[in-house]
Protein chains: 2
Amino acid sequence: MLTDRQLFILQAIVDDYIHSAEPVGSRSLSKQDGISYSPATLRNEMADLEDMGYLEKPHSSSGRIPSEQGYRHYVDHLLLPHTLSRKEIQNMRSLFAKKMMEAEQVVKQSATILSDLTSYASIVLGPEVFESKLKQVQIIPLNENAAVAILVTDTGHVENHTVSLPELLNSSDLEKIANILNDRLEGVPLYQLQKKIMTEVSGLLKQHVNSYQDALAFAEETLQKSKQEKVFYGGKTNLLSQPEFKDVDKIRMIFELLEEDHTMHELLKPDQNGLMIRIGQENANEAFEDCSIISATYSFNGNPVGTIGIVGPTRMEYPRVIGLIEHLSKDLSIALTNLYTNRG
Amino acid sequence: MLTDRQLFILQAIVDDYIHSAEPVGSRSLSKQDGISYSPATLRNEMADLEDMGYLEKPHSSSGRIPSEQGYRHYVDHLLLPHTLSRKEIQNMRSLFAKKMMEAEQVVKQSATILSDLTSYASIVLGPEVFESKLKQVQIIPLNENAAVAILVTDTGHVENHTVSLPELLNSSDLEKIANILNDRLEGVPLYQLQKKIMTEVSGLLKQHVNSYQDALAFAEETLQKSKQEKVFYGGKTNLLSQPEFKDVDKIRMIFELLEEDHTMHELLKPDQNGLMIRIGQENANEAFEDCSIISATYSFNGNPVGTIGIVGPTRMEYPRVIGLIEHLSKDLSIALTNLYTNRG
DNA sequence: GTTAGCACTCAATATGTTCGAGTGCTAAAT
DNA sequence: ATTTAGCACTCGAACATATTGAGTGCTAAC
């Protein structure tokens, strides 16, 4: 078990290292304000902390840096909740002050704000509003072979894609199909659309449209949902300013990983509601072994729908970043919920 | 004026340096296949080429590297048109083999292919189809305060945005407005929409809708066009593998510039139809002083609508990249044109 | 339990040496 | 009049060798 003094010293070392990025030695530490022990005493305690795995030495005669376990302990037990500065709060307010009309806009803007405030890279998983419901389907024929299908949800989200037109369907068929879809599927959650084709729509199609097979296939194509794995980044280049990433190979691995939307989605998918902190190897990915990820889910109407997070070096300003993310994820939830419920 | 032999030597040096990234010396050059001069002779010629500004020495006793003027001369006069390999052509074919239905998809895919084939970064300015015409306007009310406006063009492009609903407009007004807009504006090119509001729509609105002011403002908001400055990138991380960018500061400047969509748009905007090659400082941007950009416009129905290009080190495989870009921009133009005219 | 003192370690830095691929110049060969 | 061989010279890269200084561990005194 750690003594109070050891905890205090551990905290001082982490705090120092987070800001200096240099190994912390006993001499310089003892000179710090608020520390009244001699270098020798500190050396003893530091040696103990190292034995217990909280500190590491880059080489035998250097100062100490926190180990991953050290960061973990710092984050779990020592972290003082960081009160955001007036300016930071002001900055975030300004984000939601602009009257933004669209969720994607709000989310993108959040990513930018977060990376600007932290000088790390921000990652935001776009809002996956599962329970958003179909408001209307539009089928707009472009010519004989193609039409545009447009799905609008009650949250104002619009999806569109081009679909090919089976030759056997004429424009009156299209109208019928569109009417049936709108009639039967309004208010159905998007994720249930494909299912409901069979139960709700198929029968009616058979009844009213001649080439039933084509019509059914067409309806399915129309309602197909685009993959919702959108990942937004803010300030990726910020990482290039961090001393731990001055090595091009490291940064290349990281950037390559960030480009894999799918992997990032897996990595950040809200496995639990609330704040998540992954330090170094906890990320279970070689490219991120020197990175920490702090993320939080944001909600819509009380249900988590997306994730907002920060990627930075393990030597991260945890207190500040945690404060910012907690605040921003809450604000974002409120903003999104307001965006749609103020209207309805 | 350069002698034939000097041209030949210049070409050999550029070719060598492009592949080795190492300064080319007289001894190693003379050993190359196809070169029958002694090192001493080459030295004399190289000294002359240096005096004339086509070559440079990194330091006094090193081999030569091409100067920007050297590259320029190489590109303008020496370049052998590179015949694409079977595999390259096959790769590009596969791009257009997949039956893609949407322009944006095709364009993004082109960017990926291009960066994969070259190991440089590709940049594509999205298709700005000026003469694309309005097919249909949809106004879908979400609730009392907001509606979604959807514009569909004859090319299948869909734009949507949320607009706020003036209180004085009821749903029957909305329907009237939508009808008027569709009636009067179908077939009008997008870029003329705002103008036509006054000439075509304003009178009818006054006639049929009570709160004329609101209706007019609403119509304007509905028809507002989103800024079309889309820039797509492919393989940005490829640049991190180039030896000239092993310095993090350089790469940071480049990446920061690439993130400024607007600047990149300015830089690549099709000032002239056809192929553009900018070498080093010709890019008039400090961040790109060690980069070359090769780009070409692609067309829709014979009118240039976008740009596809490559950013790489000045030491670029010009012949190959030029071949690829010329080919791809043509294929892209054909694909886009087919995409829409096969249908109509 | 705390601290001063001391010998030791090791990265970073500076300094020196060698090596080799390169150059320019001159004189001989073609 | 070119071309080439020969030679002295240059300079970065690579390696070895001090020097420095902030740091450590250990022991003994406080």
Side-chain angles (χ1 to χ4, degrees), chain A residues 1-10 12-17 19-32 34-67 70 243-244 246-247 315, chain B residues 1-10 12-17 19-32 34-67 70 243-244 246-247 315:
Chain A
M1 210 32 223
L2 293 174
T3 67
D4 280 359
R5 191 168 71 176
Q6 284 170 330
L7 289 175
F8 177 71
I9 291 171
L10 176 57
I13 290 173
V14 176
D15 281 336
D16 186 314
Y17 184 65
H19 291 103
S20 70
E22 298 282 318
V24 184
S26 58
R27 168 185 278 277
S28 62
L29 191 60
S30 84
K31 278 183 193 147
Q32 228 175 69
I35 296 206
S36 51
Y37 310 105
S38 75
T41 309
L42 293 172
R43 276 203 289 283
N44 288 330
E45 297 287 30
M46 286 159 85
D48 290 348
L49 283 168
E50 187 180 357
D51 287 344
M52 289 184 281
Y54 294 103
L55 296 178
E56 284 173 354
K57 282 191 290 193
H59 58 89
S60 76
S61 73
S62 79
R64 304 311 206 282
I65 62 174
S67 67
E244 26 271 283
K246 65 181 191 306
D247 177 20
R315 178 189 63 79
Chain B
M1 211 31 224
L2 293 175
T3 67
D4 280 357
R5 191 169 71 177
Q6 284 171 330
L7 290 176
F8 177 71
I9 292 172
L10 175 58
I13 291 173
V14 175
D15 281 335
D16 185 314
Y17 183 65
H19 292 101
S20 71
E22 299 282 318
V24 183
S26 59
R27 168 183 280 276
S28 61
L29 191 59
S30 83
K31 280 183 195 149
Q32 228 174 70
I35 296 204
S36 52
Y37 309 107
S38 75
T41 309
L42 292 172
R43 277 203 288 283
N44 288 330
E45 296 289 31
M46 285 158 86
D48 290 348
L49 283 168
E50 186 180 357
D51 288 342
M52 289 183 281
Y54 294 102
L55 296 178
E56 284 174 353
K57 281 191 289 192
H59 58 89
S60 75
S61 74
S62 77
R64 305 310 207 282
I65 62 174
S67 68
E244 25 271 284
K246 65 180 191 305
D247 178 20
R315 177 189 63 79

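Order of the sequence lines fixes the chain letters, A, B, ..., with proteins taken first and strands second; residue numbering starts at 1 for each chain.
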Residues Val14(B), Val24(B); criterion side-chain contact (heavy atoms from CB on, under 4.5 Å); working and verdict: CA-CA 9 Å; Val14(B) 175; Val24(B) 183; over 6 Å; no

In Leu2(A), Leu10(A), Ile9(A), the residue satisfying side-chain contact (heavy atoms from CB on, under 4.5 Å) with Gln6(A) is Leu2(A)

Between CD of Glu56(B) and C1' of dG22(C) the distance, given in whole Å, is 17 Å

Would you list the protein and nucleotides 28-30 of chain D atom pairs, both N or O, that sit under 3.5 Å from each other?
none

Going 5' to 3' through nucleotides 18-25 of chain D and flagging B where a protein heavy-atom sits under 4.0 Å of the base, S where only the sugar-phosphate is that close, and - otherwise, we get -----SBB

Residue set satisfying side chain to side chain donor-acceptor pair (under 3.5 Å) with Ser30(A), at least two apart, ordered chain then number -> none

5'-most contact on DNA chain D (nearest-nucleotide basis), Pro58(B) vs Ser36(B), goes to Ser36(B)

Atom CG of Asp51(B) and atom C1' of dC25(C) are separated, to the nearest Å, by 14 Å

Sequence neighbours excluded, the answer for side chain to side chain contact (heavy atoms under 4.5 Å, CB included) partners of Lys57(B) is Glu50(B), Ser62(B), Arg64(B)

In whole angstroms, the gap separating P of dA21(C) from NZ of Lys31(B) amounts to 8 Å

Ignoring backbone atoms, establish whether Thr41(B) has a side-chain N or O less than 4.0 Å from OP1 or OP2 of dT4(D). yes

Those residues at least two apart in sequence (or on a different chain) that pass salt bridge (charged side-chain N to carboxylate O under 4.0 Å, His left out) with Arg5(A) are Glu45(A)

The reported gap from CG in Leu7(A) to OH in Tyr54(A) (rounded to nearest 0.5 angstrom) is 8.0 Å

Whole-Å distance, Ile65(B) CD1 to dG22(C) C1', equals 14 Å

Rounded to whole Å, the CG-P distance (Asp4(B) to dT2(D)) equals 15 Å

To the nearest angstrom, the CG-P distance between Leu42(B) and dT4(D) comes to 9 Å

Here the distance between atom P of dG22(C) and atom CG of Leu55(B), to the nearest Å, is 14 Å

Residues, nucleotides or ligands: over 12 heavy atoms within 6.0 Å of Asp4(A) CG
no

Apply side-chain contact (heavy atoms from CB on, under 4.5 Å) to the pair Tyr37(A) and Leu29(A), showing each step before the final yes or no. CA-CA 9 Å; Tyr37(A) 310 105; Leu29(A) 191 60; over 6 Å; no

By salt bridge (charged side-chain N to carboxylate O under 4.0 Å, His left out), Arg315(B) pairs with (sequence neighbours left out) Glu244(B)

